Amino acid sequence: TGVSVEALQKLGFAGKLVGVEMGEMAMAANKMQLAIHQGGTAFSQLGLNLAKIKGLQPDQQFIAIANAIKGLKTHGDQSVFFDYLPDAAE
């Protein structure tokens with residue numbers, strides 16, 4: 001995933017508090033890394049600078065992206081964001 005074990009455990013714990021399993025968090029981290037690598041419009045849709053995101057540690061990237069998604073006005077807008085992300089290889 002590119003995320004340290006300690007950071008993934010913290011994210012996993014936070015996810016568990018809201019009903020998201022560790023495997024789902026790992027898949028989200030993989031999808032995030034793929035999206036960062038491929039670039040695209042997803043980050044500009046969130047008002048994020050891809051170059052700045054690439055300069056962060058993977059756990060910091062995850063948090064920055066999650067905060068940007070959280071800042072979208074509606075749940076519908078939040079859901080639409082995921083349409084811009086590439087599918088992670090399984």
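Everything numeric here is computed off the predicted structure, so don't read it as measured data.
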From CE (M32) to CG (D59), nearest 0.5 Å: 8.5 Å
Straight-line distance of F43 CZ to K54 NZ, nearest 0.5 Å: 9.0 Å
Distance-only check: which donor-acceptor pairs under 3.5 Å involve side-chain atoms of residues 65-75, not counting sequence neighbours?
| residue | atom | partner | partner atom | Å |
| --- | --- | --- | --- | --- |
| N67 | ND2 | I63 | O | 3.3 |
| T74 | OG1 | G76 | N | 3.4 |
| T74 | OG1 | D77 | N | 3.0 |
| T74 | OG1 | D77 | OD2 | 3.4 |
| H75 | ND1 | Q78 | OE1 | 3.1 |

Minimum-distance pair of heavy atoms, taken over all atoms of A64 and L56: CB-CD1, 4.2 Å
Between CD1 on residue I53 and CZ on residue F62, distance to nearest 0.5 Å: 12.5 Å
Donor-acceptor pair, side chain of E24 and main chain of E21, under 3.5 angstrom: yes
Sidechain-backbone polar pair: Q33 side chain, N30 backbone, donor-acceptor under 3.5 Å: no
